[in-house]
Visitor: 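Next up is a structure, given as structure tokens.
Quick note on labels: first sequence line is chain A, next is B, and so on, each numbered from 1.
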2 protein chains.
Amino acid sequence: MTRERPLRADAARNRAALLAAASEAFAAQGLDASVADIARRAGIGKGTVFRHFPTKDDLLAAVVLDRIDVLAELAQELLGAPEPGEALLQFMEAAAGQQRHLDLSFLRDAAGVNEMLDGTRSELFTAITALVDRAKEAGAIRSDITGMDVILLMCAPNHVVTFVPDAPPDLWRRYLSIIFDGLRPEGARPLPAVS
Amino acid sequence: MTRERPLRADAARNRAALLAAASEAFAAQGLDASVADIARRAGIGKGTVFRHFPTKDDLLAAVVLDRIDVLAELAQELLGAPEPGEALLQFMEAAAGQQRHLDLSFLRDAAGVNEMLDGTRSELFTAITALVDRAKEAGAIRSDITGMDVILLMCAPNHVVTFVPDAPPDLWRRYLSIIFDGLRPEGARPLPAVS
DNA sequence: CCGTAACCGGACCGCGCGGTCAACTTGATA
DNA sequence: TATCAAGTTGACCGCGCGGTCCGGTTACGG
């Protein structure tokens, strides 16, 4: 497809440093960390950032793509786990443990700016749905839960924790645990009809 | 205390319009809606905004203060309700139903920029704690839940719903219901120890 | 070792933001 | 109705952002 010449040694090095720095910066200061600051963290010039990624959004997309990749792979693995309920919980824990502020950013761009991102994303979606279906069949979670529910809820802990100052780094576990409990079928009240 | 002369008629009108417009704008575009835009919505000049509120943050604080007031009053009322569990659920529904994007903004400013805000806020905090305690005594929720847990979790639905495009306006009910189920004591697994 | 294409960097641009100000308008008061 | 403090306004300022660009630098094939 796209003629892809190998990167020059220094270019590859810079690109890697840039991605790492961007990940750090987004996690630390939210997604409106300035490009200049990211470049500073990476020890490169601002111009170089835009050489590698034409737009700040493209840089963000690249960072997010990495996360999605990892999660998709994990979801695939966990499809073979013996305990479907436990597998789903493990997946949600991995997802919630991801870097902050990137939470749901991979849902942001409705119109696929980046094809590759869209591809991996839908891959992740179907994997999650499969994970959820297995958990439902095993009776580990109630039957009216959807993959989208899981995606949305698994990101909530990371977000709410953002607002408590000096939070212990694993406070999110507390809220994920509560939320996961809410998915269980025992004594579940019917979900409100949503128009 | 502070010598407070009554506002002139037009000033009062403008202030009301401004607050309403700000509430709209923040809900529609998030808290970085521009002051210029808010002024436009209110049909007044940008300068007038800064006459009423020296800073954009002060304007936001005023909007948030209104919400907190309403919630604090409601929490107080619900303390007399017959069913403590149901009362807590009702409160969380009211809180989650609040305007979007303002979710947890009242936790933001650690150092109290605005004394009045701090006062009403702590009032709300204690009322919520009381509500939670009653629900615990009645066995409606598990005993290791704190007021802070409720505050954080009641804001989650509104946030996650932000990311699904064309969401029905009451989709948040679905997620609040799930989360509230997670608070119940039946078959609760122990909460992970948080360092 | 050399030529060159790829790469790097930081000065530079336009924009929109929060906030200021001095000239103007208006509602309360006597 | 005359007076004037209170209120209003939009042009204006400085700043930091995302993004551009060209002169200097560097890795790599021949």
Visitor: Quick one: A/Phe53 CZ to D/dG18 C1', roughly how many Å, whole number?
Guide: 16 Å
Visitor: Report yes if a side-chain nitrogen or oxygen of B/Thr55 is closer than 4.0 Å to either non-bridging phosphate oxygen (OP1 or OP2) of C/dG18; otherwise report no.
Guide: no
Visitor: Taking only side-chain nitrogens and oxygens of A/Arg51, does any of them come within less than 4.0 Å of OP1 or OP2 of C/dC7?
Guide: yes
Visitor: Could you state the atom-to-atom distance from NZ of B/Lys56 to C1' of C/dG16 in whole Å?
Guide: 12 Å
Visitor: Below 4.0 angstrom from OP1 or OP2 of D/dG10, is there any side-chain N or O of B/Lys46?
Guide: no
Visitor: When the nearest nucleotide of DNA chain C is assigned to B/Leu7 and to B/Ala33 on a heavy-atom basis, which residue is associated with the more 5' position?
Guide: B/Ala33
Visitor: Any salt bridge linking B/Arg40 with B/Asp37? Criterion: basic side-chain nitrogen under 4.0 Å from a carboxylate oxygen.
Guide: yes
Visitor: Is the closest side-chain donor-acceptor distance between B/Asp149 and A/Tyr175 under 3.5 Å?
Guide: yes
Visitor: Look at the side chain of B/Asn158 and the backbone N and O of B/Gly97, then say whether any donor-acceptor pair between them is shorter than 3.5 Å.
Guide: no
Visitor: Please report the distance, rounded to the nearest Å, between CG in B/Asp37 and P in C/dC15.
Guide: 19 Å
Visitor: Measure CZ/B/Phe50 against C1'/C/dT20 and give the value in whole Å, please.
Guide: 9 Å
Visitor: Can you find a side chain N or O atom of A/His52 that sits less than 4.0 Å from OP1 or OP2 on C/dC8?
Guide: yes
Visitor: I need the CZ-P distance between A/Arg13 and D/dA27, as an integer number of Å.
Guide: 7 Å
Visitor: Find the distance B/Leu59:CG to C/dG18:C1' and express it as a whole number of Å.
Guide: 12 Å
Visitor: Assuming nearest nucleotide by heavy-atom distance, tell me which of B/Val35 and B/Arg8 is located more 5' along DNA chain C.
Guide: B/Val35
Visitor: Taking the side chain of A/Asp10 as heavy atoms from C-beta outward, which of D/dG19, C/dG19, D/dA27 is closest to it?
Guide: D/dA27
Visitor: Between B/Asp181 and B/Arg184 (salt bridge meaning N to carboxylate O under 4.0 Å), is one present in this structure?
Guide: yes
Visitor: Does any N or O in the side chain of B/Ser23 come within less than 3.5 Å of the main-chain N or O of B/Leu19, such that one atom is a donor and the other an acceptor?
Guide: no
Visitor: Send over the distance from B/Ile38 CD1 to C/dC17 P, rounded to a whole Å.
Guide: 11 Å
Visitor: Mind checking if A/Thr48 touches a base, just sugar-phosphate, or nothing, with heavy atoms under 4.0 Å?
Guide: base
Visitor: Report which part of the nucleic acid B/Asn14 touches: base, sugar-phosphate, or nothing (heavy-atom distance under 4.0 Å, all strands).
Guide: sugar-phosphate
Visitor: Atom CZ of B/Arg15 to atom P of D/dA6: distance rounded to whole Å?
Guide: 17 Å
